[in-house]
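Not measured: the values here are computed from a predicted model. A, B, ... follow the sequence lines: proteins, then strands. Residue 1 opens every chain.
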Amino acid sequence: MPNRKFTNKPDDIVNELLEGFVLAHPDKIRLAGSNLVVRAQPKAQDQVAVVTLGGSGHEPALSGYVGPGMLDISVPGDIFAAPGPPRLVEALEMADRPAGVLLVVLNHAGDVMSAKVAMQMAQAKGLNVKQVLTHEDISVPSRRDPKDRRGLAGCLFVIKVAGAAAEKGYSLDECLAVAERMEKNMATLAVATAGASHPATGQVIAEVPDGRMNVGMGQHGEAGTGEQELKTADATARLMLEMLVKDLDVQSGEDLLVMINGVGSATLMELYIVLRQVKRLCDAKGINLARTLVGEYLTVQEMGGFQMCIARMDDELLELWDAPCCTPALTLC
Amino acid sequence: MPNRKFTNKPDDIVNELLEGFVLAHPDKIRLAGSNLVVRAQPKAQDQVAVVTLGGSGHEPALSGYVGPGMLDISVPGDIFAAPGPPRLVEALEMADRPAGVLLVVLNHAGDVMSAKVAMQMAQAKGLNVKQVLTHEDISVPSRRDPKDRRGLAGCLFVIKVAGAAAEKGYSLDECLAVAERMEKNMATLAVATAGASHPATGQVIAEVPDGRMNVGMGQHGEAGTGEQELKTADATARLMLEMLVKDLDVQSGEDLLVMINGVGSATLMELYIVLRQVKRLCDAKGINLARTLVGEYLTVQEMGGFQMCIARMDDELLELWDAPCCTPALTLC
Amino acid sequence: MNAIGYEDIKRMLLAAAELIRAHHQRLSELDSFGGDGDHGTTMVRAMGCLEKGMAQAADGRIDDLLNQVGWAILGVDGGATGPLFGSLFMGMGQAVGDRDAVDVVLLADMFEAARESVANVTQAQVGDKTLVDALVPAVTALRAAADKGEDVLVALDEAARAAQQGAEGTRDMAARFGRARNRGEASKGQPDPGATSMALVFQGFAQGVRTHGGS
Amino acid sequence: MNAIGYEDIKRMLLAAAELIRAHHQRLSELDSFGGDGDHGTTMVRAMGCLEKGMAQAADGRIDDLLNQVGWAILGVDGGATGPLFGSLFMGMGQAVGDRDAVDVVLLADMFEAARESVANVTQAQVGDKTLVDALVPAVTALRAAADKGEDVLVALDEAARAAQQGAEGTRDMAARFGRARNRGEASKGQPDPGATSMALVFQGFAQGVRTHGGS
Ligand SMILES: Nc1ncnc2c1ncn2[C@@H]1O[C@H](COP(=O)(O)OP(=O)(O)O)[C@@H](O)[C@H]1O
Ligand SMILES: Nc1ncnc2c1ncn2[C@@H]1O[C@H](COP(=O)(O)OP(=O)(O)O)[C@@H](O)[C@H]1O
Ligand SMILES: [Mg+2]
Ligand SMILES: [Mg+2]
Ligand SMILES: [Mg+2]
Ligand SMILES: [Mg+2]
């Protein structure tokens with residue numbers, strides 16, 4: 001795949017993007033230690049800190065969610081690659097406080113391995129850290145064996161409610177409980193219409209032929225349910241929402257939070273058209289589309305398509321979702 | 001060009017996207033009259049109203065800027081096509097108030113024609129409307145003959161400061177003066193690395209071969225300075241910033257507002273890398289990078305590349321830029 | 001035929017719409033060459049607006065008929081076409097005033113007003129490869145025929161012929177307005193779609209009167 | 001050779017790094033087949049970390065040397081490779097404790113600890129087409145040699161041979177871990193890059209001891 005991107009030396013991509021990122025948001029974030037993205041104004045020590053880690057190349061995720069109401073520290077890795085345990089331990093030590101630290105980990109092998117080693121080290125050092133794992137990708141069949149379910153853009157929901165809970169003064173166990181409740185009540189499905197490439201190597205990481213789509217394809221080209229003919233927005237939205245609602249067993253009368261997350265070259269136009277159909281389908285099922293989020297929140301370079309994330313909300317989760325936040329990539333006012 | 005987009009019937013695209021758009025932001029906007037995008041809570045009648053018009057397919061522009069601190073009404077046209085005068089007149093009548101109405105028009109033939117007819121009708125009806133035209137695209141050589149200079153993403157600057165001025169209670173003439181000062185002190189240059197297609201017809205509206213770039217290509221594939229080999233982020237940013245700074249005659253010690261606006265499939269990663277280089281170049285010139293904006297603010301479907309917009313700021317413009325706003329596509333808190 | 005009335009004007013409008021519909025594919029093809037390929041579909045939509053405008057007109061008044069038609073076409077929301085063709089009809093409507101019979105001199109006045117009304121929204125001149133290249137010679141021909149005291153139908157036939165020649169003449173021009181302008185010299189080789197539409201409209205006008213006059 | 005010391009361990013590490021560097025293109029090629037094509041460059045970076053770790057180690061202590069190397073490799077920030085190979089060396093370091101001479105039995109203990117340390121971060125088993133397919137047979141071979149009271153160099157040679165066979169054996173497997181797993185059955189046909197690296201590391205260990213032992 002020809003690289004049509006504006007970059008400089010491939011090895012410098014991550015450093016340069018982080019440099020530009022903090023220059024763009026000097027009021028909100030800065031770099032500390034070994035390229036850790038931290039808040040410009042740290043929160044109080046008696047509030048739980050929320051930390052996450054993840055490969056780069058998915059901008060604005062995850063560092064875009066550092067700021068009041070969401071994350072305290074993000075540990076960005078190399079392109080599509082988890083950061084190693086040492087930088088994660090550095091972040092956990094930096095975040096360490098009497099109130100404790102919540103680590104949000106997306107279920108991808110590299111992230112999970114790094115988190116495992118880092119958590120063991122943190123515990124050995126006596127840090128008060130707890131971990132929540134997100135694995136809400138329903139393209140892997142079984143909900144009962146979630147080990148294989150990947151963490152997709154739904155992590156944003158977990159970060160948002162956990163961040164709001166921390167800001168409200170919830171204890172570490174309460175933050176963890178909220179994060180886990182959010183995690184258990186969410187489901188994501190992706191659809192890809194065009195592939196993507198690794199910005200440093202140019203290697204194709206996902207391929208979809210013209211006029212085809214792949215429902216369930218993961219963030220790094222992980223196999224989905226297989227290719228099929230590109231369908232209309234309405235037909236695709238219906239197909240995906242039915243799978244999600246079934247997997248999460250959403251009942252009539254329940255409140256849903258729905259995110260339509262563009263993963264790269266999908267246009268906002270398409271995402272809005274999809275949301276419109278989601279609303280119609282929910283109306284027909286008596287499901288209440290309580291909150292929505294439409295935009296690019298976790299991308300995969302120039303990949304075409306989107307992720308549909310749904311979450312069953314209760315009053316507390318809605319309240320935490322609605323709490324203000326002010327980060328580079330999500331501001332609720 | 002194969003259409004890889006999620007849409008339904010081509011003729012329904014605009015209606016459906018607007019339906020989804022207001023569903024996604026029910027707290028901020030709603031549709032009124034003939035598909036006019038208006039604020040959910042209208043502002044006070046003693047404040048100037050700010051109205052704009054423009055073709056669809058450029059989401060989030062322009063309707064994404066309706067809300068407190070920015071626009072009162074946006075009149076979306078068909079895909080890449082200006083709305084006709086009747087809907088514009090309808091919007092002006094809806095916005096009409098003793099304080100007056102400011103109409104922001106981007107310099108594209110269709111928009112200008114519609115605005116011309118509508119302004120004549122509005123004046124015939126005794127409405128108190130004044131117009132500001134944005135034409136800051138420097139790819140067309142002469143600044144002295146701006147008739148041919150197109151209105152690009154810089155319109156966002158004008159909408160932001162005019163909207164803030166209106167919110168602060170400036171009179172219509174004062175709003176117009178601020179808008180015109182902003183307009184005269186801004187300059188935009190685009191670069192395209194990949195083409196785009198019309199989402200309804202599939203017709204290619206701009207083409208750039210692999211490994212090439214076209215500096216100056218307009219929002220609808222308007223000819224630029226011609227194709228050249230794709231350069232690095234740093235070299236491209238330097239080339240563009242030099243042209244912009246020269247055109248606007250920016251001097252050492254002056255304050256700049258810089259926007260790096262992705263037009264479609266460019267990644268945020270690239271935009272941040274470009275901003276980093278802009279900062280370095282400004283530092284070297286003694287120019288103060290006072291404010292920045294990085295993201296997708298005015299897009300052209302799946303087009304690759306970005307627009308670099310710079311503006312010379314004075315104290316009043318900075319104050320108006322910093323004023324809070326809360327719209328679907330831009331929130332400053 | 002020395003003068004035409006309300007029903008003739010309606011027939012003129014309907015015949016123009018019919019001709020545009022018959023040729024819409026060709027119009028889009030021409031627009032694909034230099035523009036965005038939508039001129040045919042936009043003109044078809046404009047003609048739908050034309051008929052909607054006719055239906056809304058108060059019965060019997062030519063100026064209201066033309067104003068309604070112009071206003072409806074202005075509302076086509078399809079880029080350049082709406083303001084240009086809408087202005088054309090609005091200009092005719094303003095010139096006719098409360099008259100209910102149109103002789104060849106008034107017809108020339110009306111088309112001159114239409115030309116001015118179009119000039120109000122575009123600075124395009126003859127030679128810029130736009131619909132102005134069909135409109136201006138048509139209006140000139142019509143005025144010349146009026147000066148000679150020709151029959152209305154003859155005058156319209158001459159206007160249509162001049163429009164057609166003007167449209168054909170755009171083939172070797174480089175576009176200086178509209179989207180085709182982006183292609184610069186490469187826009188040469190095909191006639192301008194808008195000028196072709198304009199010629200069809202004039203041809204339709206003549207045909208509309210002819211069906212009645214029965215010549 | 002009945003036992004090896006601090007300098008031997010350093011030679012083992014450096015020889016492993018050299019072999020990886022010599023084969024990095026092949027490693028990336030193998031990763032292009034089922035993964036994302038970066039395994040060679042990531043391993044080269046990991047080997048850079050290895051040398052940095054060596055430079056930071058307090059002189060003379062084998063456990064500190066291995067822990068520093070393991071910690072540095074954990075920090076390579078390159079996906080799966082860091083935690084896996086970093087854990088390998090950390091495990092060896094923990095097992096050696098404060099000993100400054102390593103006989104074949106201690107060597108077997110160290111590699112068993114390394115295997116457990118890797119198992120701490122991945123559930124991959126033999127047959128899943130990962131570096132575990134080279135690591136596990138190598139450790140088993142080393143233990144068997146230790147049980148027979150073989151010379152350290154002989155034991156390492158046998159381990160290297162077993163690792164090499166294990167890596168070769170991944171050729172016909174379908175990946176069940178790592179990125180190659182996305183390709184399912186299509187990942188068959190080439191050996192696993194991580195297993196190939198692991199075999200090179202064991203081969204390097206043997207070579208590092210041999211250069212000194214002069215056998
Ligand atoms: N600025 C202009 N001035 C005069 N005529 C124009 C102008 N822009 C476009 N036209 C005419 O309109 C025609 C194209 O119409 P159409 O395709 O419907 O509009 P668009 O260019 O907005 O897609 C051109 O062939 C030309 O005759
Ligand atoms: N979850 C895992 N468990 C065990 N080994 C793994 C796992 N993931 C990857 N590997 C090993 O790592 C190798 C790929 O390494 P590398 O390309 O550096 O990492 P990445 O897959 O992150 O790009 C694979 O060939 C495999 O041997
Ligand atoms: Mg056109
Ligand atoms: Mg058009
Ligand atoms: Mg790899
Ligand atoms: Mg990798």
For the interface with chain C, which of Val75(B), Leu88(B), Asp78(B) has the highest count of heavy-atom pairs at distances below 4.5 Å?
Asp78(B)
Indicate whether any N or O donor in one side chain lies under 3.5 Å from an N or O acceptor in the other, for Gln301(B) and Ser197(B).
no
Given heavy-atom pairs under 4.5 angstrom as the criterion, report whether the side chain, backbone, both or neither of Val89(B) touches chain C.
side chain
Among Ala82(B), Gly110(B), Gly77(B), Pro85(B), single out the residue with the greatest number of heavy-atom pairs under 4.5 Å to chain C.
Pro85(B)
Which of parallel (below 30°), tilted (30 to 60°) and perpendicular (above 60°) describes Phe205(C) and Phe111(C)?
tilted
Turns out that what part of Arg45(C) lies under 4.5 Å from chain B's heavy atoms comes down to side chain
Check the side chains of Thr130(C) and Asp128(C) for a donor-acceptor pair under 3.5 angstrom, ignoring hydrogens and angles.
no
Minimum side-chain heavy-atom gap Asp8(C)-Arg11(C) below 4.5 Å
yes
Pair up each side-chain donor or acceptor in residues 72-84 of chain C with any protein partner under 3.5 Å, not counting sequence neighbours, and list the distances.
from     : atom 1 : to       : atom 2 : distance (Å)
Asp77(C) : OD1    : Gly84(B) : N      : 2.4
Asp77(C) : OD2    : Arg87(B) : NH1    : 2.4
Thr81(C) : OG1    : His39(C) : ND1    : 3.4

Proximity breakdown for Ser32(C) and chain B, heavy-atom pairs closer than 4.5 Å:
both
